[in-house]
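Since the structure comes first, as structure tokens, the remarks are kept for the end.
All of these numbers come straight from a predicted model, not from anything done at the bench. Heads up: numbering here begins at 1 and tracks the sequence. When a ligand or atom number is given, it counts from 1 through the structure's own listing order.
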Amino acid sequence: LPLARASAEVLPVDKLQAGQPVRLRIRDNTLQALEYDLDANRFLRWERKEGRLTAELHTRPRIHQTRTAYGRIRSSLFAAGDRAGLSERLTMELAQIFGWDIDFAHELRQGDWFRVLYRVALRDGKRIADGPILAAQFYNHGEVHHAIRFTNASGEADYYTLEGRSVRKAFLRSPVKFSRITSGFSPNRDHPILGERRAHRGVDYAARTGTPVRATGDGRVRFRGQRGGFGRVVTLRHFNRFTTVYAHLSGFASGLREGETVEQGETIGYVGQSGLATGPHLHYEFRVRGRHRDPLHVDLPRAAALPQKFRDRFRERRHHLLAWLATAGPQQLAALPDADNPS
Ligand SMILES: [Zn+2]
């Protein structure tokens with residue numbers, strides 16, 4: 001076949017698959033050109049040029065754009081994201097970025113709003129990929145939160161507040177992902193088993209036995225073992241100042257040893273009801289310099305700030321992105337902080 005011969009060098013004909021769409025161009029009853037899609041990105045084109053049949057591999061150009069979106073919460077974050085033209089993936093990204101400061105499950109209010117500046121990739125005018133988010137604002141509880149994406153010299157991208165501090169906190173708010181709080185921090189309450197009045201110096205998360213328990217911050221295992229009413233318990237120490245306690249576990253993460261370092265989010269054990277517990281739950285404590293604090297309300301420290309040497313480049317980028325972001329949605333939303341002189 002002349003077609004097969006012409007394309008033998010570019011792509012052997014037995015690599016072609018039946019059922020793929022082809023496009024033909026016919027003039028004067030002769031085939032002038034034929035295009036065959038290899039995949040979404042590439043196609044093969046046979047063309048008759050000066051009586052000879054040639055075959056060439058083509059790549060569809062991928063075009064990148066930066067877009068803005070503005071959304072106001074009526075029912076849910078996802079509904080607002082959808083109305084604003086964000087994909088579910090991007091809305092999820094937005095929730096992750098601000099998840100350190102906003103409790104999207106419990107604290108989102110009607111009238112809260114967001115602005116997003118994000119990248120999309122297009123091919124033939126169709127959106128084929130989106131993200132990352134370059135900058136975003138989220139208004140919640142009378143406060144505007146900001147996140148600026150910044151890539152440092154080692155190529156790591158992260159999101160920063162206007163002051164150049166990572167939006168991430170040194171601690172996760174909750175050690176169990178999907179759970180219900182059944183008992184909060186209180187200086188006084190009746191213990192369900194001991195029946196005596198006792199302080200509850202932690203928070204209880206009800207979850208199924210075996211649910212993974214995450215280290216809420218980077219730290220070192222200080223204790224892993226059995227301890228009275230706590231049953232199986234893990235105690236972590238963080239930057240010498242903080243201690244977290246995870247009690248009533250059904251088991252420990254395999255290989256977890258005392259003295260070992262753990263990373264934020266790492267599974268250290270599993271929910272259970274060892275020790276004095278009425279049902280499967282995690283008892284979690286947060287201590288600052290040995291003193292018990294309410295893990296739900298304690299001011300959590302931010303993760304590391306941007307190193308000094310990046311500050312100038314960050315300021316420049318922040319200025320540029322905030323100005324762009326401000327073009328999304330109503331202009332009188334909230335006075336933007338002075339980008340050249342934040343707090
Ligand atoms: Zn408890």
By atom name, which N, O or S atom belonging to [X] lies closest to the Zn ion (ligand 1)?
| X | answer |
| --- | --- |
| His283 | ND1 |
| Asp204 | OD1 |
| His200 | NE2 |

Presence of salt bridge, Lys169 and Asp101, under 4.0 angstrom =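 Counted as a salt bridge, because a side-chain N and a carboxylate O are separated by less than 4.0 Å.
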
Intermediate values then yes/no, side-chain hydrogen bond (donor to acceptor under 3.5 Å, both in side chains), Thr182 and His281 = CA-CA 9 Å; Thr182 46; His281 76 279; over 6 Å; no

Assess the side chains of His248 and Gln273: does a donor N or O sit below 3.5 Å from an acceptor N or O?
->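 There is no such pair (donor and acceptor under 3.5 Å, judged by atom type) between the side chains of His248 and Gln273.
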
Would you find more than 12 non-hydrogen atoms of other residues, nucleotides or ligands less than 6.0 Å from His297 atom NE2?
->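 Open.
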
